[in-house]
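Atoms within a ligand are numbered from 1 in the order they appear, just like the ligands themselves. When reading the values below, keep in mind they use all heavy atoms of this one structure, side chains included, and skip hydrogens, waters and symmetry mates. For this chain, numbers begin at 1 and follow the sequence in order.
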Amino acid sequence: MKITGAALITGLLERQGIGTIAGIPGGANLPLYDALHASRIRHVLARHEQGAGFIAQGIARASGRPAVCFGTSGPGATNLLTAIADAKLDSVPLVTITGQVPRAMIGTDAFQEIDTYGLTIPITKHNYLVRSASELLEVIPDAFRVAASGRPGPVVVDVPKDVQSEMIEVDTLPAPGTADPPPRGRSEDMAHAATLINNARRPLLLVGAGIIAAEASESLRRLAETASIPIAATLLGLGAIPDGHPLFVGMVGMHAARYTNLLLEECDVLVALGVRFDDRATGKAAEFCPRAKILHVDIDASELGKIKQPFLGIEADVAEWLGALLPRVTPYPRVEWLTRLRQLRRMHPLATPGADDPLQPYGIIRHTAALVGDEAIVTSDVGQHQMWVAQAYPFARPRQWLTSGGLGTMGFGLPAAIGAALAAPERTVVCFTGDGSLLMNVQELATAAEERVHVKVILLNNGHLGLVRQQQQLFYGGRYSASRFHAEPDFAAIARGFGVAAYDLGGTGDPLVQLACALRAPGPCLVNVPIAAAENVYPMVPPGAANRDMIDGGIHVDIRA
Ligand SMILES: Cc1ncc(C[n+]2csc(CCOP(=O)(O)OP(=O)(O)O)c2C)c(N)n1
Ligand SMILES: [Mg+2]
């Protein structure tokens, strides 16, 4: 058959099983949009390319499969960069297809020409500048293979406009690109690892995004229960084990409960699965788990020894590795260690003041969770609200919690929630956001209204860049520099202006009744929740300090009027 490069792209995307693409058209990708018109793929018109990138991330994070976004050349491509970089740091399989100026104009500073290939080298797993339509036959399946293989991540395919329009003769389309078989780990290491775990007196599991990417939750639970090993999670590992599981000991690091960080101090073997020892998790890395031998399993060999030298480092898919390990693990009650766990938890629990009050941070989070149930998906933006959710939301399953961990991108929450809702239309998606973060991609409220997605934006509105204000209060002598908003927008009016229903829990009605009503109604809505500006996230490890040196609440704040 005779086919254009653009139709080849949409045909290959269909073969990859891509049902939805987010993007924005422009001069350099018009042929691609023309081909999309004739394709079965649903296109979601974002209102900013960063929004499109995060919508695709929301689809990928919620489904575990690669997702696609489109942008035009020049500003379309540069607007996508943040979402691509975010996908790199959090290992999200994202395939971005950008338009480029025609081949003959590359290098001439043509209208909307930018070196997308060059710009995306450091923030992708791999990228391509396609030089002929026939190359697409290899490049598109390969892009999906790379995005999904090993440690997932973003791939960029930059396609000049004339390549999109080029007609070629194609007999058959190639098979879809699929992930390469993962590394399995060496068998001699397996015996060694089993001995280490069986002989440990105070072992602790630390799980991260890799456990969720590998879909290893079930094996994780079996290992923990068989050998009585408590499980701590990084920010991106939350949900790997249900919050209520007796062996789950919460999130580690900067905003962990004190007992969790104390367990890390005392453990003698740390079984670290699919984690990368990010500084927000470890605190001062040299003093992280000072008494422990570290057994580190990761699909990406470059993580082994990057931050913490493991006693035993294993390059393997954690799901396969756990499956092979389980028969070698001796069932063991470990009474002493679990007694110590309960004692520390009793002495230094996570304090959640105001958990009953829907107008306080922990209260709005707990009430929302109770109303939407375990089936809901939860996204967040970045700031205090993100940390309160991470601390207090009772996550019940993998892929329930979507947040920007590594890059910490304000503006992630709303578009990621739209993506999650597109991937799982039967679920409610709750987006906890802040008054700073929401404004960074607020235009996506229009996309939410257009797509009628079941996205509930819960805005913890403190009139501040709260996490910045908290650091200025605690570490910069209370000198508040550019962390307070003097103009406070009417977010309910803004939402309504975009065609999104809005509720204000600070109004006259009963806040709980209003919240229930907002969460029950179909389609998108925004719930404005006034939060006292003085609220801080505690405990907190000062940046650069060891995790044991946590600051607790109690310091009261004087926020200047
Ligand atoms: C794009 C981007 N710019 C700046 C920052 C730095 N930053 C981290 S948290 C934060 C404040 C966020 O404010 P808000 O969304 O209102 O959340 P709050 O902390 O008040 O809950 C800022 C500015 C960031 N993470 N991302
Ligand atoms: Mg705020």
Side-chain angles (χ1 to χ4, degrees), residues 48-51 53-54 57 78-90 123 235-236 253-255 278-280 354 359-365 368 378-393 403-417 430-445 457-476 480-492 494 504-506 526-538 540 542-543 557 559:
H48 185 297
E49 286 84 357
Q50 190 184 112
F54 284 134
Q57 271 216 38
T78 54
N79 275 351
L80 282 163
L81 294 179
T82 299
I84 298 168
D86 187 282
K88 178 75 161 38
L89 277 165
D90 285 354
I123 55 168
L235 177 66
L236 295 184
M254 184 175 269
H255 294 292
D278 172 72
D279 52 279
R280 293 286 155 122
L359 297 180
Q360 294 197 42
Y362 294 121
I364 185 69
I365 292 163
T368 302
V378 179
T379 76
S380 84
D381 263 300
V382 173
Q384 291 179 314
H385 62 278
Q386 176 189 33
M387 292 299 120
W388 285 317
V389 176
Q391 288 178 324
Y393 200 98
T403 197
S404 170
L407 200 62
T409 312
M410 293 167 69
F412 172 92
L414 171 60
V430 176
C431 164
F432 288 102
T433 186
D435 46 335
S437 294
L438 180 60
L439 288 181
M440 293 227 183
N441 271 318
V442 72
Q443 74 289 339
E444 299 311 323
L445 284 175
V457 179
I458 311 282
L459 168 60
L460 276 66
N461 189 347
N462 54 11
H464 283 76
L465 296 168
L467 202 54
V468 174
R469 188 203 55 70
Q470 172 167 347
Q471 297 226 21
Q472 290 175 340
Q473 180 204 335
L474 297 177
F475 311 122
Y476 292 88
Y480 298 111
S481 177
S483 53
R484 177 171 175 204
F485 295 122
H486 293 279
E488 295 186 15
D490 179 344
F491 282 98
I494 290 172
D504 192 343
L505 299 202
L526 178 136
V527 182
N528 184 56
V529 190
I531 293 290
E535 292 287 352
N536 281 343
V537 189
Y538 288 120
M540 177 175 195
V557 199
I559 305 241

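When the side chain to side chain donor-acceptor pair (under 3.5 Å) test is applied to Asn462, the partners found at least two apart in sequence or on another chain are Gln384. Partners of Ala83 under the side chain to side chain contact (heavy atoms under 4.5 Å, CB included) rule, at least two apart in sequence or in another chain, are Phe54.
No donor-acceptor pair under 3.5 Å is formed between the side chain of Glu535 and the backbone N or O of Gln360. At distances below 3.5 Å, not a single donor-acceptor pair connects side-chain atoms of Thr433 with backbone N or O atoms of Asp381. A side-chain donor-acceptor contact under 3.5 Å links Arg469 to the backbone of Ala533. Here the side chain of Asp90 pairs a donor or acceptor atom with the backbone of Gly405 at under 3.5 angstrom.
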Between Gln386 and Phe412, does a side-chain contact (heavy atoms from CB on, under 4.5 Å) hold up when you go through it step by step?
CA-CA 11 Å; Gln386 176 189 33; Phe412 172 92; over 6 Å; no
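Residue-and-atom listing of protein N/O/S atoms under 2.8 Å from the Mg ion (ligand 2), sorted by chain and number: Asp435 OD1, Asn462 OD1, His464 O.
Taking all atoms of both residues into account, the shortest heavy-atom contact from Thr82 to Gln50 is CB-NE2, 3.5 Å.
Within 4.0 Å of ligand 1, heavy atoms belong to protein residues Val382, Gly383, Gln384, His385, Gly408, Met410, Gly434, Asp435, Gly436, Ser437, Met440, Asn462, His464, Leu465, Gly466, Leu467, Val468.
A distance of 13.0 Å separates CG in Leu465 from CD in Gln470, rounded to the nearest 0.5 Å.
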